[in-house]
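Nothing fancy with the numbering, it's 1 onward along the sequence. Here the structure is a predicted model, which is why all the values come from computation and not from measurement. Atom set for the values below is all heavy atoms of this structure, side chains included, hydrogens, waters and symmetry mates excluded.
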Amino acid sequence: MTPELADTAIIIARILVGALFIIGGLRHFPVLDAMTAAMKERGVPQARLVLIVGSIYQIVLGITLALGLFAAASALGLILFTVLATVMMLNFWDKEGPQRAALFNGFMSNVAIIGGLLALAATG
């Protein structure tokens with residue numbers, strides 16, 4: 001791959017991964033009540049506040065990543081967000097059957113997203 005093509009691929013990757021977090025964060029607001037209830041059920045203290053702050057956090061860092069501003073720091077911040085969200089919301093280890101399988105698939109998707117964020121952090 002030529003250096004120019006590699007640079008273009010990194011820019012596209014930042015935009016795509018950033019958009020994932022921007023859209024994900026924005027999608028929380030129309031369903032605040034349902035998501036707050038799910039987080040409370042999982043024992044998250046101050047669930048509504050955590051959800052709102054976390055959603056804003058992921059939107060802001062998604063924007064900065066997509067724009068290439070503080071890209072490494074943005075990617076590392078989104079790794080932290082993804083790890084915390086995964087532990088809070090994708091507790092497949094507590095479930096059985098189809099629910100366990102669905103949560104495990106989400107867990108593994110987040111593992112892959114963390115891998116992509118690590119690569120983006122390394123490219124600065």
Name every donor-acceptor pair, under 3.5 Å, that has one atom in a side chain of residues 109-124 and the other anywhere in the protein, sequence neighbours excluded.
{"residue": "Ser109", "atom": "OG", "partner": "Asn105", "partner atom": "O", "Å": "3.1"}
{"residue": "Asn110", "atom": "ND2", "partner": "Thr86", "partner atom": "OG1", "Å": "2.7"}
{"residue": "Thr123", "atom": "OG1", "partner": "Leu120", "partner atom": "O", "Å": "2.9"}

Let me have the donor-acceptor pairs involving side chains of residues 67-82, under 3.5 Å, with sequence neighbours excluded, atom names and distances please.
{"residue": "Ser74", "atom": "OG", "partner": "Thr64", "partner atom": "OG1", "Å": "2.6"}
{"residue": "Ser74", "atom": "OG", "partner": "Leu69", "partner atom": "O", "Å": "3.3"}
{"residue": "Ser74", "atom": "OG", "partner": "Phe70", "partner atom": "O", "Å": "2.9"}
{"residue": "Thr82", "atom": "OG1", "partner": "Leu78", "partner atom": "O", "Å": "2.7"}

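Other residues, nucleotides and ligands contribute only 12 or fewer heavy atoms inside 6.0 Å of the CZ atom of Arg27. Residue-environment remark: NZ (Lys95) exceeds the threshold of 12 foreign heavy atoms within 6.0 Å.
Expressed to the nearest 0.5 Å, how far CD1 of Ile22 lies from CG of Leu61 amounts to 10.0 Å. From Leu26, atom CG reaches atom CD of Gln58 across 8.5 Å, with rounding to the nearest 0.5 Å. Interatomic distance, Lys40 NZ to Gln46 CD, rounded to the nearest 0.5 Å: 9.0 Å.
Both Val44 and Leu32 are members of a single hydrophobic cluster when ILVMFWY side chains are connected at heavy-atom separations under 4.5 Å. Phe21 and Ile15 fall into different hydrophobic clusters, where Ile, Leu, Val, Met, Phe, Trp and Tyr residues are linked whenever their side-chain heavy atoms come under 4.5 Å apart, directly or through other members. In the hydrophobic cluster analysis, where Ile, Leu, Val, Met, Phe, Trp and Tyr join through side-chain heavy atoms closer than 4.5 angstrom, Leu84 is grouped together with Leu65. When the side chains of ILVMFWY residues are joined at heavy-atom separations under 4.5 Å, either directly or via intervening members, Ile23 and Ile63 end up in two distinct hydrophobic clusters. Hydrophobic cluster membership is shared by Trp93 and Leu90, with clusters built from Ile, Leu, Val, Met, Phe, Trp and Tyr side chains linked at under 4.5 angstrom.
Met1 approaches Ala6 most closely through the heavy-atom pair SD-CA, 3.4 Å. Contact between Met89 and Leu103 at its shortest, heavy atoms only, is O-CD2, 3.9 Å. Taking every heavy atom of both residues into account, Gly25 and Ser55 meet most closely at O-CB, 3.9 Å.
Sorted by first and then second residue, the salt bridge (Lys or Arg N to Asp or Glu O under 4.0 Å) pairs with a member in residues 110-123 form an empty list; sequence neighbours excluded. Among residue pairs with one or both ends in residues 41-65, those qualifying as salt bridge (Lys or Arg N to Asp or Glu O under 4.0 Å) are Asp33-Arg48; sequence neighbours excluded. Every pair tested for salt bridge (Lys or Arg N to Asp or Glu O under 4.0 Å) that includes a residue from residues 54-74 fails, sequence neighbours excluded, so the list is empty.
Residue Leu49 belongs to a hydrophobic cluster whose other members are Val53, with links defined by side-chain heavy atoms closer than 4.5 Å.
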(request) For side-chain contact (heavy atoms from CB on, under 4.5 Å), just list the numbers for Phe29 and Ile59, CA-CA rounded to whole Å, side-chain angles, deciding distance to a tenth of an Å, and then say yes or no. (result) CA-CA 12 Å; Phe29 291 101; Ile59 291 165; 3.8 Å; yes
